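Just so you know, these numbers come straight off a predicted model, no measurement behind them. In what follows, every chain begins at residue 1, and chains take the letters A, B, ... in the order their sequences are listed.
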2 protein chains.
Amino acid sequence: MPEGQGMRATLQRRMLLLGMIPRRPRRLSAPDLKERLAYRGIDVSLRTVERDVENLSSFLPLVCDDRERPYGWFWSDEAPLQDVPAMDPETALTLQILHAHSAQLLPPSARARLKPQVARAREVLDSAGDASGLSLWPERVRILSNGPPLNPPEMPDGVFPILQQGLLERRCLDITYRSRSKGQVKDHRIHPLALVFREPVTYLLATMEPHQDVLHLAAHRIEASTLTDVPARDPEGGFDLNQIIRDGAFDYPEGELITLELRVNADLAYHLHEARLAEDQLIERGPDGTSRVTATVRDTARLKWWLLGLGAGVEVVGPPSLRDAIAQELESARLAYRTKDPA
Amino acid sequence: MPEGQGMRATLQRRMLLLGMIPRRPRRLSAPDLKERLAYRGIDVSLRTVERDVENLSSFLPLVCDDRERPYGWFWSDEAPLQDVPAMDPETALTLQILHAHSAQLLPPSARARLKPQVARAREVLDSAGDASGLSLWPERVRILSNGPPLNPPEMPDGVFPILQQGLLERRCLDITYRSRSKGQVKDHRIHPLALVFREPVTYLLATMEPHQDVLHLAAHRIEASTLTDVPARDPEGGFDLNQIIRDGAFDYPEGELITLELRVNADLAYHLHEARLAEDQLIERGPDGTSRVTATVRDTARLKWWLLGLGAGVEVVGPPSLRDAIAQELESARLAYRTKDPA
DNA sequence: ATCGGGGCGTCAGGCCATGTCGCACAAGAG
DNA sequence: CTCTTGTGCGACATGGCCTGACGCCCCGAT
């Protein structure tokens with residue numbers, strides 16, 4: 001009998017095993033596990049591994065799939081997340097906040113991926129709650145979203161995980177895409193390149209065989225997707241996500257640095273005092289209740305949109321180009337309302 | 001000797017212990033641990049618990065604080081997160097996306113609380129990355145934020161966790177607050193009531209002794225905070241966060257349900273086709289390239305702000321009240337630009 | 001100085017964990 | 001059909017770990 005080096009080894013090995021066993025669709029057999037342990041420098045007999053998982057499954061939700069002969073082990077779907085060290089209540093609260101906020105950003109199938117983490121956070125919060133039984137969440141925390149009041153589009157179940165997986169493993173995908181020219185549904189083989197989240201729409205950047213140009217595929221228009229074994233390639237000439245975005249592919253051209261000068265009302269001045277436009281922002285209070293704000297910012301579509309949205313609360317003083325652009329936009333927007341009779 | 005019920009018990013007990021030992025500032029002594037085990041139905045001698053943690057610390061980053069006599073055990077700061085079942089790559093990617101997005105929403109000290117989770121996600125992604133060594137994150141994923149282009153205010157380190165803790169444990173706080181009337185710094189004892197995140201500013205709702213009215217304290221203006229042992233109380237008459245927000249305390253009154261009717265240009269029509277204003281949204285394409293959109297939505301400040309921001313791309317046709325409001329806002333905003341000479 | 005409590009070394013006993021062996025069973029090859 | 005191979009699983013011997021009990025020691029407090 002080889003010298004055992006203590007029970008330490010047993011506990012360690014079993015914890016390693018727990019970390020190796022996957023969730024539902026994946027599965028690992030006892031010989032698989034033995035090999036992976038060996039790879040980590042732990043050599044035990046196959047019989048021991050078998051006994052290990054059997055033992056662990058007696059008090060953990062491990063399931064043995066005995067339909068196929070090399071039995072496969074995996075975690076039960078309802079297996080709660082156990083983290084070590086345990087999540088502290090503050091982290092749990094932060095996680096819950098983020099998850100709630102993500103409703104605007106991520107498709108439901110992506111959010112569903114965080115279910116174990118969120119459930120765990122909920123558990124921590126509930127048990128950390130005071131004795132009065134008042135649960136802190138969600139009664140006492142609220143997120144007021146500032147994005148556009150639009151609903152994220154619905155996406156067929158199961159598509160998004162495949163996109164993620166294809167991107168992660170850099171494998172081609174076969175997708176069914178409903179193209180923008182209404183209703184045309186076609187199958188394509190694509191090389192996934194990148195994901196862009198532009199609230200509330202998610203885009204997959206990809207090339208479509210046999211072409212080389214980078215396309216923006218709205219994720220919710222992908223009706224079905226399957227993973228292939230063909231490795232994905234970047235387009236000839238390389239792929240630079242930053243460059244693509246900087247070039248304005250998503251209406252987000254970076255824009256020049258400008259010295260923005262605004263005249264704002266007292267309310268807005270106070271808000272800007274709290275959340276600044278830029279590090280070098282200056283606010284001078286004027287005599288008439290308005291304030292003059294200067295800051296060095298980028299001239300982006302988002303900035304214009306924000307300035308327009310503030311309506312009469314703000315006047316763009318400079319630079320002249322931006323002032324003109326805003327003035328013109330206001331002017332032409334106003335035109336539609338000049339006739340008494342709405343169109 | 002009492003009947004042991006197998007090695008199962010040992011392994012299970014030690015894993016439970018791992019889940020009970022907290023991170024840094026907190027600590028648990030062996031008697032504490034024994035008691036908590038007993039609470040969970042596991043009765044072992046104190047000596048056994050001592051031996052357990054000693055054993056575990058031989059291969060896990062557990063630290064024993066032996067400066068104070070009832071020794072305290074806690075996890076090393078560098079202890080990596082081990083989760084069971086292991087995080088899958090898709091979840092890891094989702095977590096990273098959320099974390100990146102949270103830069104606009106949460107103060108840095110709150111985001112820092114997710115460090116172990118994010119580090120773990122990073123680890124999973126790196127090991128799942130393809131053999132080419134190209135790391136997926138953050139080269140291939142990008143989030144384009146749609147909120148206002150403002151920087152979240154800075155907050156003194158260490159304040160936010162105290163706020164969270166006070167709220168969670170419902171204990172009073174002693175804070176140093178820089179009031180809105182510029183520069184006035186005062187100490188107060190407060191009863192924390194709720195947290196409101198309104199991008200990019202975070203507010204703590206609280207009552208300030210000896211008063212009963214609910215105040216909105218901007219978290220970044222709290223310069224210092226300490227936890228007290230005094231239990232926090234809700235104000236007389238109860239506290240209803242939903243009611244407060246519905247009443248418009250944060251410029252977010254809920255608003256009536258209205259039948260919104262818009263005339264939009266082709267681009268915007270397409271965007272609305274993707275991300276709808278409401279479930280019942282209808283789009284009719286007009287002959288002149290514009291489209292008519294109708295949807296049942298809430299008449300909120302956010303909606304007005306969004307409509308204004310779209311500028312000439314949209315015309316509010318109905319309801320008349322909203323049409324008038326937008327028209328008026330455009331009119332008065334335009335006034336500032338009528339004089340050739342900027343103010 | 002005395003005392004008490006918590007930490008820790010020691011010890012005996014029982015039982016657990018491990019490798020080995022052998023058998024059963026299914027699938028696939030010859 | 002038979003043989004082989006891979007796999008699951010029961011049995012067994014043995015070494016050693018785990019457990020509770022006991023008592024010593026150190027340190028702080030009275």
| task | Check the pair B/Ser29, B/Tyr71 against side-chain contact (heavy atoms from CB on, under 4.5 Å), reporting the backbone distance first and the verdict last. | result | CA-CA 5 Å; B/Ser29 67; B/Tyr71 290 1; 6.0 Å; no
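Remark: B/Thr10 is not in phosphate contact with D/dC18, judged by side-chain N or O atoms under 4.0 Å from OP1 or OP2.
Look at CG on B/Asp52: it is 14 Å from P on C/dC8, rounded to the nearest Å. Here C/dC21 presents its C1' atom at 14 Å from CD of A/Glu50, a figure rounded to the nearest Å. In this structure, A/Lys34 places its NZ atom 11 Å from C1' of C/dG19, rounding to the nearest Å. For the pair A/Leu28 CG and D/dT7 P, the interatomic distance rounds to 14 Å; values are reported in whole Å. B/Arg14 places its CZ atom 11 Å from the P atom of D/dC17, with the value rounded to the nearest Å. The OH-P distance, from B/Tyr71 to C/dG5, rounds to 17 Å in whole Å. For the pair A/Asp32 CG and D/dT7 C1', the computed distance is 12 Å after rounding to whole Å. Residue B/Asp66 contributes atom CG, which lies 12 Å from atom P of D/dG28 at whole-angstrom precision.
B/Thr91 and B/Thr94 are not linked by any side-chain donor-acceptor pair at a separation below 3.5 angstrom, with hydrogens and angles left out of the test. Side-chain contact annotation: B/Asp174 with B/Thr228, donor-acceptor N/O pair under 3.5 Å absent. Neither side chain, A/Asp157 nor A/Ser109, offers a donor N or O lying under 3.5 Å from an acceptor on the other.
Between B/Asp229 and B/Arg171 there is a salt bridge, since a side-chain N of the basic residue sits under 4.0 Å from a carboxylate O of the acidic one.
Applying the 3.5 Å distance criterion, the base of D/dG10 shares a donor-acceptor pair with the side chain of A/Arg47. Not a single donor-acceptor pair, N or O on each side, falls under 3.5 Å between the base of D/dG10 and the side chain of A/Arg51.
DNA chain D is contacted by both B/Asp43 and A/Leu46; A/Leu46 maps to the nucleotide lying nearer its 5′ end (nearest heavy atom per residue).
In the set C/dG7, D/dG8, D/dG20, C/dG7 carries the atom at the smallest distance from any side-chain atom of B/Pro31. Relative to the side chain of B/Asn55, the nucleotides D/dC18, C/dG19, D/dG20 differ in distance, and D/dC18 lies closest.
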